Structures are given as structure tokens and as C-alpha cells.
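What follows is one structure encoded as C-alpha cells, with my remarks underneath.
Keep in mind it's a predicted model, so treat the numbers as computed, not measured. Residue numbering restarts at 1 for every chain, and letters A, B, ... go by the order of the sequence lines.
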Amino acid sequence: MTSSCDLELLVGNLRDARSIAVRIIADGPSCVRATLVGLVFSTAPRRARYVPLGHAGFGGGTALDREATIEALKGVLEDPAIAKVGHDLKADMVVLLRHGVTLRGLDIDTMLASYLIDATRSSQDLEPTVLEQLGYKALTQEEVCGKGVKALPFAQVPVDGLLDFAGERTDLAFQLAGHIAPLLVRDGLETIYRELELPLVPVLADLERVGVRVDAKALASQASLVDRELNDRSSAIFSMAGEEFNINSPKQLSEMLFDKLKLPVLKRTGATRTPSTAVEVLEELALGHDLPRLILEWRALAKLKGTYIDALPQLINPETGRVHTSFNQAVAATGRLSSSDPNLQNIPIRTEIGREIRRAFIAEPGCRLISADYSQIELRVLAHLSGDETLTAAFARGDDIHDQTALKVFGENSGLSPHELRRRAKIVNYALLYGKTAFTLAKDIGVSQQAAQEFIDAYFAGFPKVRGFIDRTLEEARQTGVVKTMFGRRRAVPEITSRNGQIRSAAERVAVNLPIQGTAADILKRAMIDVHAALAASFPNARMILTVHDELLFEAPAGEADTVAELVRDKMAHAVPLNVPLDVDVGVGETWKEAKS
DNA sequence: CTGGAAAGCGCC
DNA sequence: AAAGGGCGCTTTCCAG
């Protein structure tokens, strides 16, 4: 273990020693995620200003060691002139933030660089990336620390092994950086890396550190309510079925519905070809039998309870009273962020009972939550990218875009109610974004397949340049094997030339979707960086706490909530210049549910 | 007992 | 015959 004397020597020699390796156990199980930080200071002349950081999803060490070590290194870690290199710097940053250290001078994050080069890799983890880029088979944790180490309680993991593992990973990140940085330049990704992904790292680290307050009592009372509803339904289900079975088992359920009760098999599952019990199937069956409806209700409630109501309270950090999600910046193929442990990007909103869960997401006393979401951002991106005059003019006038689509697609004399018209038009709008076929569109809006095809044709006739945008995108994909967002984020679509029609069609949908979904993701990232800076400058007591694809959530003192909301609206609306306005809906409330309504 | 596949479903 | 882009989580079921 490094003594304080060694540390002084180390820090003193940082700029002129040939090579010094230090491995620090920096943290125990704590707020967001326990992490082992390893530092390797390599001061060979050409690289003298690089401090690579790595982590290994671990924690521990004695308080004395880590506090003394971090204190000694603080000046280096916080010096923006000393460039930092690592694999997943945000993970290190979150740990250091909890020790009062703000990591500055972020330079090469090999995870983010690798992600920009190929976002569709199955993993951006250090070891597989090193294997692919450097052809080096990295040692696993078990190989370094001994077999069975992962099963040990943290306190019993041998410290020496951890140090070696940290050092190994740190060194790998450093080597990888040298190889991968030129690839960013080769692929024209420097700008999006330097101006979007890298500046987002400290923003996300802040969001994770702050977390969101969750009301465990509110969830507990919802739990007992939902329990009663579940019991009522399962009793009814078993009495109708004539026996008890596990409703949650698709296998047992399918035996009950299709073997014992002889209901018609409408669809089979993908791999095993067993009769499907998916929601579309049960909805169809519910027209002729009472049982499927009850099963659907039971399933929805069980999902709510198991995934949210029971799970969330266990994830409240006792030190902060808040839930600290992890945002993953290197997973989604389109450039979106994802959230896990827990996923706070799939909290229910669609049904009233589900929406109740958002009452449990609350502001600190004396504070308010502010929700700000882009209105139809993907359709606006489509309008911009396609340059379609009808679409852009509709957005410029502030028309309701779904009503506009209804007019174009269904005409003025369809005989449908305005509400039904708008509902169908909304489905048509989003169907287009995702490449939905006439077959499924017909099912969704309850018309014949032929009628659905006529709606699709009418859409393209009404918004003529959208067809051109799709054709150009597909042509680019065929020519280059790659599609891009407005800001140069890329996604490879190698299957675009597949001779297999199904595979090729799937690739075409991916190719058309990427510029739309990916550009929307880029815009939100830009907005997050801008808003974060604006709040730090003008409202230091207001904090960004969540991001959900087209929405940002904030917590601010009640007295300034309205002002903060307007600042946020302005920054989001002007994050990037488009040839259509970006409208932002904002709301303030004591809970997430209130803020969204 | 653990890990992974499959089915299903919550969100944008 | 299949038939919508992007995620992450829970449960069941089975293999090792």
C-alpha cells in the first residue's frame, strides 16, 4: 500500500519521471456504484501530460489510504491542463465527486471513442474492445485475482489482486487510447466527440450523483392497493379456469387457454413456435371470452408491482434518501442514452394506475420538480432533414401536426370524429418513422390492409419531400454502408445489401430511423450541456436530475421554479438551429406526475 | 446455485 | 411467411 511519503514523491515527480505506476483503491460500497480506481502515471517524454484512469466495478480499501491518496493527488486530478485518459471516465468521476474531487481535463475516454466508431458492437467493455482493436487478450479478474474472487464479500478480496487488476485495466485503457484517437479523426468523429459526448460526461456524472427523491411511503400504500386488485383477479381467473396455475408462466397459460379451453391460436412465438399469449393475442381473444381480459389486467398489475412498486424502495440509497440511476452513454445504436439500476426511463405514464407511480417521484421540501419535454421532436427533425415545405410550414405556423396529417391522409370528408382522426393520424406519423408496413398499420387503426396502404400512399403524396429523404438515405446506405445524423454520428448498416429480403428490409428501417432518432438524441445531448452550464451560472440551487429521450427533469427551490422553467425552455428550444421551431412543454409540480400535467 | 435464453412489457 | 425503430427489467424455465 502506498504511504503518504511515497505519494509526495510521486506527485513531485509526475512531470519528469520516466514512468510511475500507482494503483489506488479509492472507494467502498457507496452512493452510486462502488468503483476501484487505478491510476497509472506514465511520464515518458511524449506522453508526459497524460493521466489515465480506469475502473473495475469494485470498491474497498481502508479509509486512511484512500483519503490520504486522493488528497495527495487532488491537484493533479483537478488540473484541466493535465489530460485524463480512461475507459468510462464517468464512473471514475462519480466516485471522485463523492470524495470532493472534480476530475478535470477529460481527454480520451476510450469507451466513448469506441462507441462513436461502432455503436453497434455487442459490448464496449474494455476487454473485448482491447481484443478487437489491439488484438490483445486481456486477463480477466479471475485470472488476476484467483478463481472465485467474484463470489467473495468485498472485504475478503485480496488487496494485492485488486491492485494488479486495476493496474492492468488502466494500462490497457492507455494503450487503447493511442490506437483509437486517430480513428476518431479518420471517421470524421472528432467534433461530435469533443463537442458533444465528452462535455456530456460531467453532466451525466452530476445527474447520477444527485439522484431523484423517491417517496417510499407512497409506494407502500400503492403496494397494498395493487395487491388487493391482483387477488381479486387471480381468484376470478382460477374459478373460470377450473384450477389454479401460474398466470406468469407463458407455458402454463398457453396450456390453459389453448389446450384446456380450446381458444383459437392466433399467433406463435418466435423461437419455440409455441402459441403466443402476448397482449395483442389476448386482446383479440377477449372479444369472445372473459378470461383473456382478466389475464391482461392481472398481468399489467403484476408488472407494475414487480418492476416498480416493490423494486424502487429497495433502490433508495439510505445515505441520500434518493435513487441514483446509471446513465449509459455507450449502449444505444442511435446515440440515445439508456438508464439502468434502476431504469428510470420506463416509469409508467400511459395508464392512470401506472401514472400513479410518478407520484412517488418527489421534490425535496421547499422545492419543485420541473419537467421539460420536446414536443414531437422526431417529426420536427424529419421536417428539417427532408425539407418538406408542407411539414415545415405546419410546424412554423404552430399547427397540430397530427391534425395536419389527418387532413392529408384521410381527407376532409372521412366521416370520422376529430378525435379518431387525430388518433389515426398520430399512428400514421409514427408508423412512417419506424417503417411500419400496411399490414400492421391496418391492425393498429382497424382498417383493411388495402386501406392502410392507401393511407401510406396518401401520406407521401401529401408530404412529397419525405419520400425523397427516405430514398436519399437508403441510397447513401447502399453506397457507403453507413448512415449519419445531422451532426455526423454514424451507424453501419451492412445488411442493407443482403439478398435476404427480410434482413434487407429490417436494415432499411434501421437506416431510415437512425438519422431521425439519432439527430433527436444529439439535440437533447446538446441541450443538456447548455442547460447544465446555464443553471450552474445562474441558478446554482437548481439541479438537472433525469433525462428520458425527449424530456429533462429538474429540481429547484419553489421560489425560482417558474424562472428556471423558462430558462430551461429557452435553452432547449435553441439548442440547435433547425428550419422548424423546437417547441418545449414545461410543467412544475411537487411530484413528477404533477409536473407532467 | 448460477447463468442464460425466451417471453413479455414498461418507456420514448 | 413476416409484417415497428431504440432501450432495460422481471419471471419462468432449463442446463450445467
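The residue A:Arg355 sits apart from the nucleic acid: no heavy atom pair falls under 4.0 Å.
Every residue meeting the side-chain hydrogen bond (donor to acceptor under 3.5 Å, both in side chains) condition with A:Glu197, not counting sequence neighbours, appears here in chain and number order: A:Gln329, A:Arg489, A:Lys525. For A:Phe455, the ring pair (Phe, Tyr, Trp, His ring centres under 6.0 Å) partners at least two apart in sequence or on another chain are A:Phe410.
As rounded to whole Å, 14 Å separates atom P of B:dG8 from atom CD of A:Gln252. Distance CZ (A:Arg380) to P (B:dC12): 17 Å, rounded to an integer number of Å. Between the CD atom of A:Glu378 and the P atom of B:dC11 there is a distance of 16 Å, rounded to whole Å.
Evaluation of atom-type donor-acceptor distances gives no pair under 3.5 Å for the side chain of A:Arg350 against the base of B:dC11.
Sequence neighbours left out, the pairs with a member in residues 113-128 of chain A that pass salt bridge (Lys or Arg N to Asp or Glu O under 4.0 Å) are A:Arg121-A:Glu132, A:Glu127-A:Arg169.
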Donor-acceptor contacts under 3.5 Å from residues 292-300 of chain A side chains, at least two apart:
residue, atom, partner, partner atom, Å
A:Glu297, OE1, A:Arg233, NE, 2.7
A:Glu297, OE1, A:Arg233, NH2, 3.4
A:Arg299, NH1, A:Thr277, O, 2.8
A:Arg299, NH2, A:Thr277, O, 3.0
A:Arg299, NH2, A:Thr277, OG1, 2.7

Query raised in the report: Would you write out the dot-bracket form of DNA chain C, 5' to 3', with Watson-Crick and G-U pairs under 3.5 Å, [ ] for crossing pairs, | for pairs to other strands and . for unpaired bases?
Result: ....||||||||||||
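Remark on DNA chain C: of its neighbouring residues A:Ser249 and A:Asp444, the 5'-side contact belongs to A:Asp444, judged by nearest-heavy-atom nucleotide.
Taking every nucleotide of DNA chain C with any atom under 4.0 Å from a non-hydrogen atom of chain A, the first and last of them, 5' to 3', are C:dA2 to C:dC14.
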